[in-house]
Amino acid sequence: MSELIFQKDSYVKEFDCTIIDIDEAENAVVLDKTAFFPGGGGQLCDKGILIGDATYPVKKVKKKGEKIYHYIDGALPKIKESCKGKLDWEYRYKLMRTHTAMHILCGVVWRDYKAQVTGGNMDPLKGRMDFEFENFDKALIQEIEEKVNKEVGNKRNIKVNILKREEAFKIPDLIRTKINLLPEGINEIRTIEIEGLDLQADGGTHVNNTSEVGKMKIVNYKSKGKINKRIYVELED
(Lines give C-alpha, C1' and ligand atoms only; values in the text may rest on other atoms or scores of the structure.)
Protein backbone atom coordinates (compact mmCIF):
# COMPACT_ATOMS: atom_id res chain seq x y z
CA MET A 1 0.00 0.00 0.00
CA SER A 2 1.09 3.57 -0.66
CA GLU A 3 2.04 5.91 2.19
CA LEU A 4 -0.69 8.59 2.29
CA ILE A 5 1.20 11.76 3.17
CA PHE A 6 -1.92 13.95 3.04
CA GLN A 7 -3.52 12.07 5.93
CA LYS A 8 -0.98 13.42 8.42
CA ASP A 9 0.22 16.65 6.80
CA SER A 10 -2.00 18.63 4.43
CA TYR A 11 0.75 21.21 3.80
CA VAL A 12 3.18 18.95 1.89
CA LYS A 13 3.35 20.52 -1.57
CA GLU A 14 6.24 18.47 -3.04
CA PHE A 15 7.48 14.96 -2.31
CA ASP A 16 9.85 12.31 -3.68
CA CYS A 17 8.29 9.06 -4.82
CA THR A 18 8.75 5.93 -6.94
CA ILE A 19 6.38 4.41 -9.51
CA ILE A 20 5.38 1.00 -8.10
CA ASP A 21 2.54 0.04 -10.45
CA ILE A 22 1.20 1.06 -13.87
CA ASP A 23 -2.25 0.54 -15.38
CA GLU A 24 -1.87 1.18 -19.11
CA ALA A 25 -5.57 0.71 -19.80
CA GLU A 26 -6.39 3.52 -17.35
CA ASN A 27 -3.25 5.53 -18.22
CA ALA A 28 -2.57 5.72 -14.50
CA VAL A 29 0.25 5.03 -12.06
CA VAL A 30 0.53 4.07 -8.40
CA LEU A 31 3.21 5.66 -6.19
CA ASP A 32 4.98 4.29 -3.13
CA LYS A 33 3.91 7.48 -1.34
CA THR A 34 1.65 10.36 -2.30
CA ALA A 35 0.48 13.77 -1.13
CA PHE A 36 -2.23 13.83 -3.82
CA PHE A 37 -5.67 13.60 -2.21
CA PRO A 38 -7.89 11.18 -4.22
CA GLY A 39 -11.17 12.94 -3.51
CA GLY A 40 -13.97 11.95 -1.16
CA GLY A 41 -16.34 13.33 1.46
CA GLY A 42 -17.41 16.07 -0.93
CA GLN A 43 -13.83 17.28 -1.54
CA LEU A 44 -12.45 17.17 -5.08
CA CYS A 45 -9.24 15.32 -5.90
CA ASP A 46 -5.90 17.06 -6.33
CA LYS A 47 -4.07 17.74 -9.57
CA GLY A 48 -0.46 18.61 -10.36
CA ILE A 49 2.59 17.01 -11.96
CA LEU A 50 5.12 14.22 -11.54
CA ILE A 51 8.67 15.07 -12.60
CA GLY A 52 10.92 12.14 -13.51
CA ASP A 53 12.61 11.34 -16.80
CA ALA A 54 9.94 13.69 -18.19
CA THR A 55 7.13 15.87 -16.79
CA TYR A 56 3.87 13.95 -16.38
CA PRO A 57 0.69 16.02 -15.78
CA VAL A 58 -1.58 14.46 -13.13
CA LYS A 59 -5.08 15.34 -14.28
CA LYS A 60 -7.06 13.25 -11.78
CA VAL A 61 -6.49 11.12 -8.67
CA LYS A 62 -8.85 8.37 -7.55
CA LYS A 63 -8.90 5.52 -5.07
CA LYS A 64 -9.44 2.13 -6.76
CA GLY A 65 -9.67 -0.66 -4.25
CA GLU A 66 -6.63 -0.30 -1.99
CA LYS A 67 -4.65 1.70 -4.57
CA ILE A 68 -4.44 5.42 -5.33
CA TYR A 69 -4.50 5.92 -9.11
CA HIS A 70 -2.77 9.01 -10.52
CA TYR A 71 -4.16 9.54 -14.02
CA ILE A 72 -1.54 10.91 -16.40
CA ASP A 73 -2.27 13.22 -19.32
CA GLY A 74 0.08 11.82 -21.98
CA ALA A 75 2.88 9.25 -21.92
CA LEU A 76 3.32 7.17 -18.77
CA PRO A 77 6.50 6.99 -16.69
CA LYS A 78 8.27 3.64 -16.29
CA ILE A 79 7.88 1.18 -13.43
CA LYS A 80 10.39 1.96 -10.64
CA GLU A 81 11.04 5.41 -12.09
CA SER A 82 11.92 7.97 -9.42
CA CYS A 83 9.80 11.13 -9.51
CA LYS A 84 9.06 14.30 -7.62
CA GLY A 85 5.38 14.99 -7.10
CA LYS A 86 4.18 18.60 -7.11
CA LEU A 87 0.65 19.60 -6.23
CA ASP A 88 -1.24 22.44 -7.82
CA TRP A 89 -0.96 24.21 -4.49
CA GLU A 90 -3.18 27.22 -5.19
CA TYR A 91 -6.02 24.85 -6.10
CA ARG A 92 -5.41 22.52 -3.13
CA TYR A 93 -5.16 25.32 -0.57
CA LYS A 94 -8.49 26.78 -1.71
CA LEU A 95 -10.05 23.35 -1.21
CA MET A 96 -8.46 23.08 2.25
CA ARG A 97 -9.94 26.44 3.25
CA THR A 98 -13.32 25.43 1.84
CA HIS A 99 -13.36 22.05 3.58
CA THR A 100 -12.54 23.63 6.92
CA ALA A 101 -15.28 26.22 6.29
CA MET A 102 -17.76 23.37 5.87
CA HIS A 103 -16.66 21.92 9.20
CA ILE A 104 -17.07 25.30 10.90
CA LEU A 105 -20.60 25.52 9.47
CA CYS A 106 -21.35 21.95 10.51
CA GLY A 107 -19.90 22.52 13.99
CA VAL A 108 -21.94 25.68 14.61
CA VAL A 109 -25.18 24.15 13.34
CA TRP A 110 -24.71 21.00 15.45
CA ARG A 111 -23.65 22.90 18.58
CA ASP A 112 -26.44 25.46 18.49
CA TYR A 113 -29.30 23.72 16.66
CA LYS A 114 -28.49 19.98 16.85
CA ALA A 115 -29.20 19.58 13.13
CA GLN A 116 -27.55 16.64 11.38
CA VAL A 117 -25.93 16.81 7.95
CA THR A 118 -27.80 15.06 5.13
CA GLY A 119 -25.47 15.94 2.26
CA GLY A 120 -22.82 18.30 0.96
CA ASN A 121 -20.38 19.15 -1.77
CA MET A 122 -17.66 21.72 -2.48
CA ASP A 123 -15.63 23.44 -5.15
CA PRO A 124 -12.70 25.81 -4.55
CA LEU A 125 -13.97 28.64 -2.30
CA LYS A 126 -17.63 27.60 -2.41
CA GLY A 127 -19.77 24.74 -1.19
CA ARG A 128 -23.18 23.66 -0.04
CA MET A 129 -24.38 21.63 2.90
CA ASP A 130 -27.78 20.11 3.66
CA PHE A 131 -29.16 19.87 7.20
CA GLU A 132 -32.17 18.42 8.99
CA PHE A 133 -33.96 21.69 9.74
CA GLU A 134 -37.72 21.99 10.01
CA ASN A 135 -37.95 25.77 10.26
CA PHE A 136 -35.74 27.98 8.15
CA ASP A 137 -35.81 31.72 7.39
CA LYS A 138 -33.60 34.71 6.55
CA ALA A 139 -33.12 35.67 10.19
CA LEU A 140 -31.77 32.21 11.04
CA ILE A 141 -29.41 32.33 8.05
CA GLN A 142 -28.05 35.72 9.14
CA GLU A 143 -27.58 34.36 12.66
CA ILE A 144 -25.65 31.33 11.37
CA GLU A 145 -23.46 33.50 9.14
CA GLU A 146 -22.53 35.73 12.10
CA LYS A 147 -21.69 32.70 14.21
CA VAL A 148 -19.48 30.98 11.62
CA ASN A 149 -17.50 34.16 11.02
CA LYS A 150 -17.06 34.57 14.76
CA GLU A 151 -15.46 31.10 14.81
CA VAL A 152 -13.13 32.12 11.96
CA GLY A 153 -12.11 35.11 14.08
CA ASN A 154 -11.64 32.94 17.17
CA LYS A 155 -8.53 31.48 15.47
CA ARG A 156 -9.20 27.95 16.62
CA ASN A 157 -6.44 25.40 15.99
CA ILE A 158 -7.25 22.28 13.97
CA LYS A 159 -5.81 18.88 14.86
CA VAL A 160 -5.65 15.58 13.00
CA ASN A 161 -5.70 12.24 14.80
CA ILE A 162 -5.83 8.64 13.63
CA LEU A 163 -7.55 6.42 16.19
CA LYS A 164 -8.40 2.76 16.51
CA ARG A 165 -12.04 2.19 15.57
CA GLU A 166 -13.05 1.14 19.09
CA GLU A 167 -11.46 4.26 20.59
CA ALA A 168 -12.87 6.59 17.94
CA PHE A 169 -16.45 5.44 18.40
CA LYS A 170 -16.31 6.27 22.10
CA ILE A 171 -16.36 9.93 21.03
CA PRO A 172 -19.91 11.33 21.25
CA ASP A 173 -21.42 12.50 17.95
CA LEU A 174 -18.34 11.45 15.93
CA ILE A 175 -20.50 10.90 12.84
CA ARG A 176 -22.42 14.05 11.91
CA THR A 177 -24.03 12.74 8.76
CA LYS A 178 -27.52 11.28 8.90
CA ILE A 179 -26.12 8.02 7.48
CA ASN A 180 -22.88 6.50 8.83
CA LEU A 181 -20.66 6.35 5.75
CA LEU A 182 -17.75 4.52 7.42
CA PRO A 183 -17.47 0.90 6.18
CA GLU A 184 -17.32 -1.82 8.82
CA GLY A 185 -13.91 -3.03 7.60
CA ILE A 186 -12.06 0.20 8.47
CA ASN A 187 -10.04 -0.41 11.63
CA GLU A 188 -8.54 3.07 11.97
CA ILE A 189 -10.56 6.28 11.94
CA ARG A 190 -9.08 9.66 11.04
CA THR A 191 -10.59 12.55 12.99
CA ILE A 192 -10.48 16.30 12.46
CA GLU A 193 -10.86 18.50 15.55
CA ILE A 194 -11.51 22.23 15.50
CA GLU A 195 -10.52 22.85 19.11
CA GLY A 196 -13.50 23.90 21.21
CA LEU A 197 -15.99 23.64 18.36
CA ASP A 198 -16.08 20.44 16.33
CA LEU A 199 -14.74 16.88 16.33
CA GLN A 200 -15.73 14.36 13.68
CA ALA A 201 -14.49 11.58 11.44
CA ASP A 202 -13.10 12.93 8.17
CA GLY A 203 -10.63 11.89 5.46
CA GLY A 204 -10.00 15.21 3.70
CA THR A 205 -7.45 18.00 3.91
CA HIS A 206 -7.76 21.05 6.15
CA VAL A 207 -5.96 24.23 7.18
CA ASN A 208 -4.23 24.46 10.56
CA ASN A 209 -6.29 27.31 12.01
CA THR A 210 -9.78 28.67 11.38
CA SER A 211 -8.31 32.13 10.69
CA GLU A 212 -6.95 30.79 7.38
CA VAL A 213 -10.49 30.21 6.09
CA GLY A 214 -11.23 33.91 5.65
CA LYS A 215 -14.63 35.55 5.62
CA MET A 216 -17.56 33.22 4.97
CA LYS A 217 -20.72 34.40 3.22
CA ILE A 218 -24.00 32.47 3.03
CA VAL A 219 -25.03 33.38 -0.51
CA ASN A 220 -28.23 31.35 -0.77
CA TYR A 221 -30.46 28.84 1.00
CA LYS A 222 -33.23 26.53 -0.17
CA SER A 223 -35.75 24.08 1.17
CA LYS A 224 -35.12 20.61 -0.27
CA GLY A 225 -37.93 18.93 1.63
CA LYS A 226 -39.94 19.10 4.84
CA ILE A 227 -36.88 18.65 7.07
CA ASN A 228 -34.07 19.05 4.55
CA LYS A 229 -32.62 22.55 4.06
CA ARG A 230 -29.62 23.55 1.93
CA ILE A 231 -27.10 26.31 2.72
CA TYR A 232 -24.72 27.70 0.07
CA VAL A 233 -21.44 29.25 1.27
CA GLU A 234 -18.72 31.21 -0.52
CA LEU A 235 -15.31 32.39 0.75
CA GLU A 236 -13.41 35.54 -0.06
CA ASP A 237 -10.50 34.87 -2.44
Side-chain angles (χ1 to χ4, degrees), residues 1-13 15 33-48 58 60-64 66-70 85 87-110 116-131 148 151-152 156-163 165 168 171 173-183 186 188-195 197-214 216 231-235:
M1 289 181 62
S2 304
E3 177 188 346
L4 305 181
I5 299 169
F6 61 82
Q7 284 197 339
K8 295 181 180 179
D9 189 350
S10 295
Y11 286 80
V12 173
K13 306 172 189 178
F15 60 98
K33 61 177 73 72
T34 185
F36 285 89
F37 178 65
Q43 182 178 336
L44 297 172
C45 70
D46 285 323
K47 54 187 179 180
V58 178
K60 183 176 72 171
V61 187
K62 181 180 178 181
K63 186 173 182 182
K64 292 198 71 173
E66 295 300 312
K67 297 179 179 180
I68 305 293
Y69 269 34
H70 302 70
L87 303 185
D88 180 338
W89 180 247
E90 181 179 358
Y91 178 79
R92 153 68 90 80
Y93 188 62
K94 286 179 179 179
L95 286 171
M96 287 164 59
R97 289 174 56 204
T98 307
H99 201 163
T100 300
M102 295 295 101
H103 277 234
I104 294 172
L105 175 61
C106 178
V108 165
V109 169
W110 178 254
Q116 284 187 305
V117 176
T118 57
N121 209 346
M122 71 189 85
D123 290 302
L125 302 184
K126 62 182 180 180
R128 59 92 174 165
M129 190 163 279
D130 299 349
F131 296 96
V148 295
E151 295 304 337
V152 170
R156 296 185 184 275
N157 289 326
I158 296 161
K159 298 192 301 185
V160 176
N161 280 302
I162 298 177
L163 306 174
R165 189 182 184 95
I171 299 171
D173 307 316
L174 179 71
I175 308 300
R176 295 293 173 75
T177 52
K178 181 67 174 176
I179 300 172
N180 184 349
L181 301 176
L182 291 174
I186 295 179
E188 291 186 329
I189 307 296
R190 183 174 180 266
T191 64
I192 300 294
E193 179 181 6
I194 302 177
E195 290 184 334
L197 175 65
D198 187 58
L199 172 60
Q200 57 180 297
D202 183 83
T205 61
H206 291 267
V207 294
N208 283 337
N209 189 281
T210 60
S211 63
E212 296 178 60
V213 169
M216 297 171 60
I231 296 175
Y232 296 86
V233 174
E234 291 185 3
L235 308 183

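None of these values were measured; they are calculated from a predicted model.
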Side chains of [X] and [Y]: does their closest heavy-atom pair fall under 4.5 Å?
{"X": "F6", "Y": "V12", "answer": "no"}
{"X": "F36", "Y": "F15", "answer": "yes"}
{"X": "D198", "Y": "W110", "answer": "no"}
{"X": "I104", "Y": "T210", "answer": "yes"}
{"X": "F131", "Y": "Q116", "answer": "no"}
{"X": "V233", "Y": "M102", "answer": "yes"}
{"X": "K67", "Y": "K63", "answer": "no"}
{"X": "I162", "Y": "Q7", "answer": "yes"}

Of the options I158, L199, I194, which is the one that meets H103 in a side chain to side chain contact (heavy atoms under 4.5 Å, CB included)?
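Single side chain to side chain contact (heavy atoms under 4.5 Å, CB included) partner of H103 among I158, L199, I194: I194.
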Search all heavy atoms of [X] against all heavy atoms of [Y] and return the closest pair with its distance.
{"X": "C106", "Y": "V117", "result": "SG-CG2, 3.6 Å"}
{"X": "V213", "Y": "A101", "result": "CG1-CB, 3.7 Å"}
{"X": "A201", "Y": "I189", "result": "CB-CG2, 3.8 Å"}
{"X": "P124", "Y": "L44", "result": "CD-CD1, 4.2 Å"}
{"X": "L125", "Y": "T98", "result": "N-OG1, 2.7 Å"}

[X]: what forms a salt bridge (charged side-chain N to carboxylate O under 4.0 Å, His left out) with it, not counting sequence neighbours?
{"X": "R97", "answer": "none"}
{"X": "E234", "answer": "none"}
{"X": "E66", "answer": "none"}

Within this structure, what is the NZ-CG distance for the pair K159 and N208, rounded to the nearest 0.5 Å?
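Between atom NZ of K159 and atom CG of N208 there are 12.5 Å.
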Distance check, rounded to the nearest 0.5 Å: D202 atom CG versus I192 atom CD1?
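Output value for this atom pair is 5.0 Å.
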For [X], enumerate each residue passing the side chain to side chain donor-acceptor pair (under 3.5 Å) test, keeping only those at least two apart in sequence or located in another chain.
{"X": "N121", "result": "none"}
{"X": "Y11", "result": "E212"}
{"X": "R156", "result": "E151"}

Using side-chain contact (heavy atoms from CB on, under 4.5 Å), reason through I231 and R128 one step at a time and then give a plain yes or no.
CA-CA 5 Å; I231 296 175; R128 59 92 174 165; over 6 Å; no
Would the distance check show the side chain of S2 and the main-chain N or O of K33 forming a donor-acceptor pair, the cut-off being under 3.5 Å?
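Here the side-chain-to-backbone pair does not exist.
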Under a 3.5 Å distance rule, please check whether N161 uses its side chain to pair with a backbone N or O of L163 as donor and acceptor.
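Not confirmed, N161 side chain does not pair with L163 backbone.
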Indicate whether the side chain of S10 and that of H206 have a donor and an acceptor atom separated by less than 3.5 Å.
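No donor-acceptor contact under 3.5 Å links the two side chains.
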H70 and T34: side-chain donor and acceptor closer than 3.5 Å?
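Side chains of H70 and T34: pair found under 3.5 Å.
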Report the C-alpha separation of Q43 and T205 in whole Å, then their side-chain angles, then the decisive distance to 0.1 Å, and conclude whether the side chain to side chain donor-acceptor pair (under 3.5 Å) test is met.
CA-CA 8 Å; Q43 182 178 336; T205 61; 2.8 Å; yes
Between K60, R92, K13, K62, which is the residue that forms a salt bridge (charged side-chain N to carboxylate O under 4.0 Å, His left out) with D46?
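Result for salt bridge (charged side-chain N to carboxylate O under 4.0 Å, His left out) with D46: R92.
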K47 NZ/CZ over Y91 ring centroid, <6.0 Å and within 45° of normal:
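Cation-pi check for K47 and Y91: passes.
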